[in-house]
Amino acid sequence: MCGIAGFQGSFDSELLGQMADAIAHRGPDDLGEWHAPESGVGLAHRRLAIIDLSPLGHQPMIDASGMVVIVFNGEIYNFRELRAELESGGFRFRGHSDTEVLLALYLREGEKMLLRLNGIFAIAMWDARSRTLFLARDGLGVKPLYYAETDAGFIFASEIKAILRASEVDREIDPVALRHYLTYLWCPAPRTPLRQVKKLEPGCALIVRKGRTEKHW
C-alpha cells in the first residue's frame, strides 16, 4: 500500500507536505514531493517499497526528458512482460519498478496504456507537453482515488482526509451518500460523505486542464 496526492491550481506548495503527512501510514519507507509553480502542479507520494527497494523506485518519478511525472499506488502484475516489450522497442530502464514501466508505456501509448494493464492501481501523471493531469483507477476499484474541484483548482489523494488539508475544500455533507452509508455501510462512487469530494469510479480516468476536469471516461 502506498499513498498519492496532488493538485493543479493556485494552491500553496506547503499543502503537498500536509497532504503527504495525512497519509503517512500508507507509505512509511519514503516520502517524495514535486512541485512546478509555473504550471500550478504538485505531486506527493508516500512509499511502501515492495518490488524495487532501491532509491531508483522513488516517486514522484520523472522521465528522462523531464516532461512527464508520475505518482502511482498499486501493483502491475504484467509489468515484466510490458518491460520486455518496451525494451525490444528501444526503451532503456534504470531500475526494476513497475512504476518506471508505467511511465515508459505512457510515453509510447498515452491514455491507451490503460488497456494494457493487468493489475490494481491509482495513477496520476502530469504531462508538461499537453499541460494536462491524467488520473486513472483500476477496473475493480481496489486502489482508492478521491478528488475535488474547488475555486482554487483540482485536488486529489488516496484518502479524503488528505484532501481536507486544503481549506478551499467545502465540508458540506452529501445527505444521499450519508443515507447510503447508514443503510448499506458503503456508498457507490462517485459519491462520498462530502458533496464536493468525489470518488473516481472503478475503471475510469480523468483528464484535468487548468484545474478543471476536461474529460471523464
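We count residues from 1, following the sequence as given.
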Stepwise side chain to side chain contact (heavy atoms under 4.5 Å, CB included) test for Leu82 and Leu117
CA-CA 9 Å; Leu82 291 171; Leu117 303 182; 4.0 Å; yes
Run Leu16 and Phe11 through side chain to side chain contact (heavy atoms under 4.5 Å, CB included) and show every step you take.
CA-CA 9 Å; Leu16 276 179; Phe11 299 99; over 6 Å; no
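Formation of a donor-acceptor pair under 3.5 Å by the Asn73 side chain with backbone atoms of Ile4 is not found in this model. Side chain of Asp98 to backbone of Phe79: no donor-acceptor contact under 3.5 angstrom is found. Not a single donor-acceptor pair under 3.5 Å links the side chain of Thr150 to the backbone N or O of Glu168. The backbone N or O of Tyr146 sits nowhere less than 3.5 Å from a side-chain atom of Arg137 that would complete a donor-acceptor pair. Using a distance-only test at 3.5 Å, with no hydrogens or angles considered, a donor-acceptor pair links the side chain of Asp63 to the main chain of Val68. One N or O on the side chain of Glu100 and one on the backbone of Gly95 form a donor-acceptor pair closer than 3.5 Å. A donor-acceptor contact shorter than 3.5 Å is absent between the side chain of Gln8 and the backbone of Val41.
In terms of heavy atoms, Ile120 sits closest to Phe72 at O-CE1, 4.4 Å. Shortest non-hydrogen contact noted between Pro202 and Gly139 is CB-O, 3.4 Å. Contact between Trp126 and Thr132 at its shortest, heavy atoms only, is CE3-O, 3.1 Å. In terms of heavy-atom proximity, Cys2 sits nearest to Arg26 at O-NE, 2.8 Å. Contact record, Val71 with Ala44: CG1-O, 3.8 Å, taken as the closest heavy-atom pair. Ile155 and Ala166 get closest at one heavy-atom pair: CD1-CB, 3.6 Å.
Hydrophobic cluster membership of Ile23, counting Ile, Leu, Val, Met, Phe, Trp and Tyr whose side-chain heavy atoms lie under 4.5 Å apart directly or via other members: none, as it forms a cluster of its own.
Hydrophobic clustering (side-chain heavy atoms under 4.5 Å, transitive across Ile, Leu, Val, Met, Phe, Trp, Tyr) keeps Met61 apart from Leu31. The hydrophobic cluster containing Leu135 also contains Trp34, counting ILVMFWY residues as joined when their side-chain heavy atoms lie under 4.5 angstrom apart, directly or transitively. Under a hydrophobic clustering in which Ile, Leu, Val, Met, Phe, Trp and Tyr are joined whenever their side-chain heavy atoms come within less than 4.5 Å, directly or via other members, Leu200 and Leu194 fall into different clusters. Following chains of ILVMFWY side-chain contacts shorter than 4.5 Å, one cannot reach Tyr77 starting from Phe121, and the two form parts of different hydrophobic clusters. Under a hydrophobic clustering in which Ile, Leu, Val, Met, Phe, Trp and Tyr are joined whenever their side-chain heavy atoms come within less than 4.5 Å, directly or via other members, Leu182 and Ile160 fall into the same cluster.
Note that CZ of Phe7 is 7.0 Å distant from OG of Ser13, once rounded to the nearest 0.5 Å. To the nearest 0.5 angstrom, Glu81 atom CD is 11.5 Å from Leu86 atom CG. With values rounded to the nearest 0.5 angstrom, Ile163 atom CD1 is found 12.5 Å from Lys161 atom NZ. With rounding to the nearest 0.5 angstrom, the NZ atom of Lys210 is 12.5 Å from the OG atom of Ser39. Here the CE-CG distance, from Met19 to Leu164, works out to 9.5 Å after rounding to the nearest 0.5 Å. Here NE2 of His216 is found 5.0 Å from CG of Leu206. Values are rounded to the nearest 0.5 Å.
Judged as a side-chain contact (heavy atoms from CB on, under 4.5 Å), and not counting sequence neighbours, Ser88 has no contacts. Applying the salt bridge (Lys or Arg N to Asp or Glu O under 4.0 Å) test to Arg209 and every residue at least two apart in sequence or in another chain returns Glu214.
Environment of CZ in Arg171: crowded, with over 12 heavy atoms of neighbouring residues, nucleotides or ligands closer than 6.0 Å.
Counting only residues at least two apart or in different chains, salt bridge (Lys or Arg N to Asp or Glu O under 4.0 Å) contacts with residues 190-207 comprise Glu172-Arg195, Asp174-Arg191. Screening residues 140-150 for salt bridge (Lys or Arg N to Asp or Glu O under 4.0 Å) gives no qualifying pairs among residues at least two apart or on separate chains.
Taking the six-membered ring where the residue is Trp, Phe154 and Tyr147 present parallel rings, their angle staying beneath 30° rather than reaching 60°.
Side-chain contact between Val101 and Phe91 is absent, with no heavy atoms from C-beta onward closer than 4.5 Å.
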Indicate every side-chain donor-acceptor pair of residues 104-111 with a distance under 3.5 Å to a residue at least two apart or in another chain.
residue: Tyr106; atom: OH; partner: Asp127; partner atom: OD2; Å: 2.8
residue: Arg108; atom: NH2; partner: Glu85; partner atom: OE2; Å: 2.4
residue: Glu109; atom: OE2; partner: Arg116; partner atom: NH1; Å: 2.8
residue: Glu111; atom: OE1; partner: Lys215; partner atom: NZ; Å: 3.2

